[in-house]
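Numbers restart at 1 for each chain; the letters A, B, ... are given by sequence-line order, proteins then strands.
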Number of protein chains: 2
Amino acid sequence: MTRTPAGLSAITFTLDRTSPIPLYHQLAQQLEAAIERGVLTPGNRLGNEVDLSVRLGLSRPTVRQAIQSLVDKGLLVRRRGVGTQVVHRQVKRPLELSSLYDDLEADGQRPTTRVLRNETVPASADVAAALGIAEGSEVTVLERLRFTHDRPVAFLCNYLPADLVPLGNAHLETTGLYRMLRSAGITLHSARQIIGARSAAPEEALRLDEKEGAALLTMQRTAYDDTGRAVEYGTHIYRASRYAFDFQLLVRP
Amino acid sequence: MTRTPAGLSAITFTLDRTSPIPLYHQLAQQLEAAIERGVLTPGNRLGNEVDLSVRLGLSRPTVRQAIQSLVDKGLLVRRRGVGTQVVHRQVKRPLELSSLYDDLEADGQRPTTRVLRNETVPASADVAAALGIAEGSEVTVLERLRFTHDRPVAFLCNYLPADLVPLGNAHLETTGLYRMLRSAGITLHSARQIIGARSAAPEEALRLDEKEGAALLTMQRTAYDDTGRAVEYGTHIYRASRYAFDFQLLVRP
DNA sequence: TAGTGGTCTAGACCACACG
DNA sequence: GTGTGGTCTAGACCACTAC
């Protein structure tokens, strides 16, 4: 006997074939919304792909593609011979290239930034190596203090190829670096991050309003765009008493 | 004119249709190997999918699936109207659910482990909450010290549902916890990690051979399996002087 | 044995980038 | 215009799971 799962049958899908949004994406969005709204609850079976495709008037590969995208997001699990189910525990925040500004803002923290330094200098050996450019090439060096509730959270030092994008202080104080890069048409592709800890040196302690010797969280990051070109190299220092990295991550199948 | 890129034409692909390994996976492996060996160098175009499928005697969707898997890994980039290229900077180590043991071993560090505690206790409120089980349920609590070169690197405290898998001390001393879970047939699916820092308390300093007040790197993690069931909750403390998290991560398109 | 997802085919048309 | 990837179809057979 073929049972249509209660949750799924309660959903009316509306697919617009004239829309520029791909059909599989429309379907995926509506499935995700149904999960979000609780119409499809954890453990609910999704019903087999063939039935679903017939019901929607789509081909099976298209339906599969929609389902697959949600599997990749960690919302669904497929088991051969069993079926497709909603994962019991929802993935709240998928791991992304963490932008401190976005993280804080998403947290309702209303971050602010003070630009301490913004100038063009020749790249030192280590910066050149990190960015994969010639030593002495022009790079923009950026030093910023980030605050929430008028208290410092982090000291951010970044290096970018000088010709990449104009970095006005006004914008830097009201938004995050990654947003500026994105709106300049630069799409980030990958990054390497090293997260460690160390004790605060006297000048660091002063800058961050911590005691000397307090534990600090550190991150070094190099970010790359589509073509593999290094776009940004940074050294960040966070007050461990006010910040921690919160990752949700998926295991590659 | 259609040019076959030099790199690609130099490769002979061998596809075994009788193999249980899917064709798209065989192709993906061989493409990846070619990139690894340097036959396909960064910037090399991969040639269009239609030609490739004809040459290999595969359908285009199958070839696409192979290419897509490498795009997902961050090795290739596709651009509509342009083509498929090898990414300039290679992704060295994709982000995975980091296993300290595996990380150290991959680094040639020959990690060792001393089990300090391994017993079954009723779950406290916070452990029960983290694992999503009833307070007072039986959990296995594990305390381990991990060494490299006979010096401590980390103190690991983990809680697992008691009935999950037998955890013999002998195995725990010679391998990692995640390997034991995997060989018990548990496939990890997702995890939430919180990485922070703090100063060493006296007893922590003693245990890790650090000075009191030294900066320590901390991680809290809850790991989940396929079904969304919490499999493990742990609190780890690392010597910041000897360990840092090294992530390579991709931005979701 | 029945039902599920996993793989694969051989086409088709479209949107976009580039010369 | 030409070539590229992006999307979509309507089937097919197989492997695995559960009963």
Side-chain angles (χ1 to χ4, degrees), chain A residues 1-5 8 13 15-29 31 43-72 76-87 185 187 226-227 253, chain B residues 1-5 8 13 15-29 31 43-72 76-87 185 187 226-227 253:
Chain A
M1 182 178 76
T2 304
R3 279 192 316 109
T4 304
L8 192 62
F13 294 97
L15 298 172
D16 177 5
R17 297 188 99 94
T18 69
S19 162
I21 299 174
L23 291 171
Y24 74 87
H25 197 241
Q26 294 182 37
L27 176 54
Q29 281 178 328
L31 280 171
N44 260 179
R45 288 226 165 58
L46 211 62
N48 74 58
E49 298 172 351
V50 182
D51 285 357
L52 192 53
S53 64
V54 170
R55 185 180 143 201
L56 297 172
L58 296 174
S59 70
R60 186 180 164 207
T62 302
V63 172
R64 266 186 76 78
Q65 196 174 355
I67 292 175
Q68 186 59 47
S69 71
L70 296 184
V71 171
D72 291 342
L76 298 177
V77 182
R78 289 207 261 218
R79 295 166 198 269
R80 202 199 195 83
V82 178
T84 305
Q85 297 174 36
V86 179
V87 163
T187 52
D226 276 9
T227 68
Chain B
M1 182 177 75
T2 304
R3 280 191 316 106
T4 303
L8 192 62
F13 294 96
L15 298 172
D16 177 5
R17 298 189 98 94
T18 69
S19 161
I21 299 174
L23 291 171
Y24 75 87
H25 197 241
Q26 293 182 37
L27 175 55
Q29 282 178 328
L31 280 171
N44 261 180
R45 287 226 165 57
L46 211 63
N48 74 58
E49 298 171 352
V50 181
D51 285 357
L52 191 54
S53 65
V54 171
R55 186 179 144 204
L56 296 173
L58 295 174
S59 69
R60 185 181 165 209
T62 303
V63 171
R64 266 186 76 78
Q65 197 173 354
I67 292 176
Q68 187 58 46
S69 71
L70 297 185
V71 171
D72 290 342
L76 299 177
V77 182
R78 290 206 260 217
R79 293 168 200 270
R80 200 203 202 70
V82 178
T84 305
Q85 298 175 36
V86 178
V87 165
T187 52
D226 276 8
T227 66

Nearest-angstrom distance from the residue atom CZ of A:R64 to P of C:dT4: 14 Å
Rounded distance (Å) that lies between atom P of D:dT9 and atom CG of A:L27: 11 Å
5' priority, DNA chain C, between A:Q68 and B:R80 [closest heavy atom]: A:Q68
Sugar-phosphate, base or nothing in reach of B:P20, heavy atoms under 4.0 Å: nothing
For atom CD1 of B:I21 and atom P of C:dG6, their distance in whole Å: 18 Å
Any A:Y24 side-chain nitrogen or oxygen under 4.0 Å from OP1 or OP2 of D:dC8: no
N or O in side chain of A:T84 less than 4.0 angstrom from C:dG5 OP1/OP2: yes
Length of the line joining B:Q65:CD and C:dT7:P, which is rounded to integer Å: 6 Å
Rounded interatomic separation in angstrom, taking CG from B:L23 and P from C:dA10: 12 Å
Side-chain donor/acceptor contact of B:R79 with base of D:dG6 under 3.5 Å: no
Nucleotide nearest B:R78 (side chain, heavy atoms from C-beta), chosen from D:dG6, C:dG6, C:dC18: D:dG6
Non-hydrogen side-chain atoms of B:Q68 and B:V71 separated by less than 4.5 Å: yes
N/O donor-acceptor pair, side chain A:R60 with base C:dG6, under 3.5 angstrom: yes
Distance test, side-chain N/O of A:N48 to OP1/OP2 of C:dT4, below 4.0 Å: yes
B:D16 CG to C:dT7 C1', straight-line distance once rounded to whole Å: 15 Å
Contact under 4.0 Å: A:R17 side-chain N or O vs C:dC13 OP1/OP2: no
Between D:dA12 (P) and A:E49 (CD): distance, integer Å: 17 Å
Shortest non-hydrogen contact from B:A28 toward B:L70: O-CD1, 3.8 Å
Toward the 5' end of DNA chain D, by each residue's nearest nucleotide, A:V82 or A:L58: A:L58
Rounded interatomic separation in angstrom, taking CG from A:L52 and C1' from C:dG5: 13 Å
Residue-phosphate contact under 4.0 Å: A:S59 side-chain N/O, D:dG11 OP1/OP2: no
Verdict with reasoning, B:L58 to B:Q65, per side chain to side chain contact (heavy atoms under 4.5 Å, CB included): CA-CA 11 Å; B:L58 295 174; B:Q65 197 173 354; over 6 Å; no
Main-chain N/O of A:I21 paired to A:Q26 side chain as donor or acceptor, under 3.5 Å: yes
Partner of A:L46 by side chain to side chain contact (heavy atoms under 4.5 Å, CB included), out of A:L76, A:V77, A:V63: A:L76
